[in-house]
Amino acid sequence: MSDAIYPETGSGSGMSETPPDDRYLKPGTPVRLTYPAEGDPEGRLTFEDGVVIHCWWDDDVEGHDCYVAFFGDAIPSGRPDSEPYVLRYASTSLVVLAPPSWALKLDERARAEDRAEQSSGTVHLWTLGFVAIPPLVGLVLSLLS
């Protein structure tokens with residue numbers, strides 16, 4: 001990494017040796033890698049979309065490095081036609097994409113299943129008696145005295 005010093009992006013005043021767009025990317029984050037098209041004399045850009053598999057702080061590059069599974073020009077909604085290929089890129093090279101609508105729907109279904117599991121506990125009426133009645137008895141006794 002270069003010896004560049006960047007303004008600190010957080011609170012406080014000072015300088016940081018970390019570029020402002022360097023960040024940890026959570027596994028499952030959809031990302032896009034944009035680069036110059038090969039053999040294009042006009043220098044047009046092309047892109048590939050992928051999903052972060054793993055991200056970590058790397059002392060050698062003084063930033064976050066990520067393994068990304070790339071699928072080509074779009075992340076499939078189901079089983080991919082071909083296997084993705086995994087490459088390593090600095091998080092500063094990647095643009096975070098908004099999750100596709102189908103991913104949000106799947107995520108909401110997973111959250112609903114989690115909520116159902118968490119709320120499946122049965123509350124017995126006698127349990128409420130131990131919790132609610134003693135404070136009420138104490139309140140009634142204090143009001144009567």
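Heavy atoms only: backbone and side chains are in, while hydrogens, waters and symmetry mates are out. What you are looking at is a predicted structure, and each value in this text was computed from that prediction instead of being measured.
- Residues passing the side chain to side chain donor-acceptor pair (under 3.5 Å) test with Asp59, sequence neighbours excluded: Trp57.
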Can you list, pair by pair, the side-chain donor-acceptor contacts under 3.5 Å of residues 49-56, counting residues two or more places apart and other chains?
unit_1	atom_1	unit_2	atom_2	d
Asp49	OD1	Arg32	NE	2.7
Asp49	OD1	Arg32	NH2	3.4
Asp49	OD2	Arg32	NH2	3.1

For residues 63-70, please give each side-chain donor-acceptor pair under 3.5 Å, one per line with the distance, not counting sequence neighbours.
unit_1	atom_1	unit_2	atom_2	d
His64	ND1	Asp22	OD2	3.3
Asp65	OD2	Arg88	NE	2.7
Asp65	OD2	Arg88	NH2	2.5

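- Among residues two or more places apart in sequence or in another chain, the side chain to side chain contact (heavy atoms under 4.5 Å, CB included) test is passed with Glu42 by Asp40, Arg44.
- When hydrophobic clusters are built by joining Ile, Leu, Val, Met, Phe, Trp and Tyr residues whose side-chain heavy atoms come closer than 4.5 Å, directly or via intermediates, Val95 is not grouped with Tyr35.
- In terms of the side chain to side chain contact (heavy atoms under 4.5 Å, CB included) criterion, residue partners of Pro80 (sequence neighbours excluded) are, by chain and number, Phe71, Pro76.
- Note that CZ of Phe47 and CG of Asp73 are 5.5 Å apart. Values are rounded to the nearest 0.5 Å.
- With sequence neighbours left out, Arg79 forms a salt bridge (Lys or Arg N to Asp or Glu O under 4.0 Å) with no residue at all.
- With a 4.5 Å cut-off on side-chain heavy atoms, Thr46 and Thr34 do not count as touching.
- At a threshold of 4.5 Å between side-chain heavy atoms, the hydrophobic network of Ile, Leu, Val, Met, Phe, Trp and Tyr places Leu45 and Leu97 in two separate groups.
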